[in-house]
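Comments concern the structure below.
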Number of protein chains: 2
Amino acid sequence: MRKSTLEEVAAAAGVSKMTASRALRGTPDVSSETRQRVLQAAEQLSYIGNRLALSLSSQRTNLVAVVVPSMSNIVFPEVLAGISAGLEGSGMQAVFGISDYDAAKEREIIHDMLSWQPSAIIVTGLDQPEETVRMLKSAGIPVIQVMDLDGDPIDFNVGLSHGRAGEEMARALVGAGRKRFGYIGSALERDLRAAKRKAGFEKVLKQNGLHFVEQQIDSTFSSIALGKRLTTTMLASVPDLDCLYYTNDDMATGGLFACMELGVAVPEKLLIAGFNGLDLASALPVRIATSRSPRRVMGETAARLVREAIADPDGSHQKTIAFTPEITGIT
Amino acid sequence: MRKSTLEEVAAAAGVSKMTASRALRGTPDVSSETRQRVLQAAEQLSYIGNRLALSLSSQRTNLVAVVVPSMSNIVFPEVLAGISAGLEGSGMQAVFGISDYDAAKEREIIHDMLSWQPSAIIVTGLDQPEETVRMLKSAGIPVIQVMDLDGDPIDFNVGLSHGRAGEEMARALVGAGRKRFGYIGSALERDLRAAKRKAGFEKVLKQNGLHFVEQQIDSTFSSIALGKRLTTTMLASVPDLDCLYYTNDDMATGGLFACMELGVAVPEKLLIAGFNGLDLASALPVRIATSRSPRRVMGETAARLVREAIADPDGSHQKTIAFTPEITGIT
DNA sequence: TTTGTTACCGATACCGGTATCGATAACATT
DNA sequence: AATGTTATCGATACCGGTATCGGTAACAAA
């Protein structure tokens, strides 16, 4: 079956294109009898409007572009789900792109997305290179940067400070009496937020006259398996650590599993700390420490800002919405 | 900064719209000097082409619509990542929609997506209601149904048989000497593939003169926490089960955690079986049985089919690509 | 009867690109 | 000098809708 156009629907209903358009959109100025005929013709031809034409003509799209770095970690899909849910009922539609933690690819994806003339764009983090920032600024639409808070926002900003999250976690752990710290990380040169957490953590360690006794940083991305492997290696060479800080909960969970297999008592002998507050982490048979980040809520909040900014483009809106991660799992 | 148009770029370069268009697209018939001027003007105005106009005019989009039921389970993001990766370099762009396991919502989303005139559409499963099927058929583009295999495909089909996956798992478990089976599920009325697995499993049990001694099915969606809770409840009332089959690995993992807290020996006393073959499952300190489904590969395969079907619309292509899940974790 | 109103509908321009065809100038060929 | 070629560019139509304005018929009011 070939795609049918409004023209064809109109012809089938014996009216003009314009009248058909009005009938389908529910505009007034159409007799209910005519409307009926058009609706029927459209149904009959299984007509689906052409949004390209609609958007081009009306000079507005219902698109919200969203760029996230990855889909392999549940964190970003959760943000997307939040955005998608937060947009529901607004007539707006999210379009996603994956940058694979690659700045060049991100630039390219943003460019592609902008060419679809979205009404707003949501990007992850505040660390876009200058050229990307310029592109975003010149797009003339609301730009929402999510997840992070450490940096200069382009426009709107929804997130939490990863630097502070690292600091707080370190403070809590030092406060709990831990002294011999190790760090296990992954892909820090690409996951800049994880790097910020580590930096914040180290800063507080230093303030307390402490430091990471041992570090193990892999260049691949975080996973449970990687956390398990690196932990096994590290505990073999430095068995007397009493606290391990990880990139995130996935890595930390792998660490916990390693400990369970090695028979290392968690948290008595070794405290394990991650980041994110995954559902997984709270269901674990042994508690690990984590900073709970409101991922879905951040997505929903970003969506709300988009709706507000579009509903009232000239209004003065709150530009920054900060979340504070709650630390759990330290007793 | 206001969005600039090709017209403006052309004016700035002192040429016609048409020449500017050619220069930017790298078409021949433009002197390198003129091309240079246009490129410079475009750069200067930070011009970004309008894909709406492009696609409307050229009558082709680079869009591939994708509809998945959820983002809360890592399974679907992985499929999306596979699709996204498989499309890379083709100039095509995936657009995602989330149906929340709701047939009505799915219908609506598919309708919305089709209005963007995608070049192909990928949907999850084979169980769309008749009206949705009609809509997909009349779209006149390649339709790829992924994940499932049990049913009548509209066009292309990439997936595995969940009915058989359930059967195979049951055969393996019965073969391993298990006799007293329990089932723990979630949202089966919406997650039809999980229901198919259960049906297949039960069929084989019956063939062996067995049945589920106890069932516990919640109406909410699968999660580790839910698996843990339901397992704790079930083991309290029926402690002598020797095998538990779950909706999926998330639920099964929760079950394992419950067992670890209750001190139930896994797998000696109780064997735990899920589905998916998540990374999580293989990193667990105790092995659980699972059927490994090639989620990312299914996404990549779907993307490949899309590319082939679009590159050669009239060619005869293989319509169905079947995967067989590998069972692991039974010793 | 004339004049307003109102309800309904159509003609036309336009959104921002691309496809197509034709025009022009410069140069080579006969 | 006349004719062909080639390289380069522009004018126009069109993609499929919507915005805008104007037209017609029916009916009410004066």
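Numbered from 1 within each chain, the chains take letters A, B, ... in sequence-line order.
- For the residue pair A:S21 / A:R25, a side-chain donor-acceptor distance below 3.5 Å is found, with atom types taken as modelled.
- Annotation for B:D312: atom CG counts as buried by contact number, over 12 foreign heavy atoms lying within 6.0 Å.
- There is a side-chain donor-acceptor pair under 3.5 Å between B:Q128 and B:Q145.
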- Do A:D29 and A:R22 pass the salt bridge (Lys or Arg N to Asp or Glu O under 4.0 Å) test, and can you show the C-alpha distance, the side-chain angles, and the key distance before you say yes or no? CA-CA 8 Å; A:D29 279 11; A:R22 280 193 271 253; 5.8 Å; no

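- Atom-to-atom distance recorded for A:L136:CG and A:R107:CZ is 11.0 Å, nearest 0.5 angstrom.
- Aromatic ring orientation, B:F156 versus B:H317: tilted (interplanar angle from 30° to 60°).
- By the 4.0 Å N-to-carboxylate-O rule, B:D127 lies close enough to B:K196 to be salt-bridged with it.
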Which pairs, protein N/O on one side and nucleotides 23-27 of chain C N/O on the other, fall under 3.5 Å?
none

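- Within the structure, the salt bridge (charged side-chain N to carboxylate O under 4.0 Å, His left out) test picks out the following pairs touching residues 76-90 of chain A (sequence neighbours left out): A:E78-A:R295, A:E88-B:K105.
- Taking the C1' atoms of five terminal pairs at each end of the helix from C:dT1-D:dA30 to C:dT30-D:dA1, the two resulting helix axes are inclined by 60°, rounded to 10°.
- Nearer to the 5' terminus of DNA chain D, by closest-nucleotide assignment, is the contact made by B:G14 (compared with the other of B:G14 and A:T5).
- For DNA chain D, the contact window with chain B, defined by any atom under 4.0 Å from a protein heavy atom, covers D:dT8 to D:dG16 in 5' to 3' order.
- The environment of CD in A:E189 is crowded: more than 12 heavy-atom neighbours from other residues, nucleotides or ligands sit within 6.0 Å.
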Contact list (N/O, under 3.5 angstrom) for nucleotides 6-9 of chain C vs protein:
unit_1 : atom_1 : unit_2 : atom_2 : d
C:dC9  : OP1    : A:S31  : OG     : 3.4
C:dC9  : OP1    : A:T34  : OG1    : 2.4
C:dC9  : OP2    : A:S31  : N      : 2.8
C:dC9  : OP2    : A:T34  : OG1    : 3.3

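- For the segment residues 51-61 of chain A, the set of residues with a heavy atom within less than 4.0 Å of an atom of DNA chain C comprises A:L56, A:S57, A:Q59, in numerical order.
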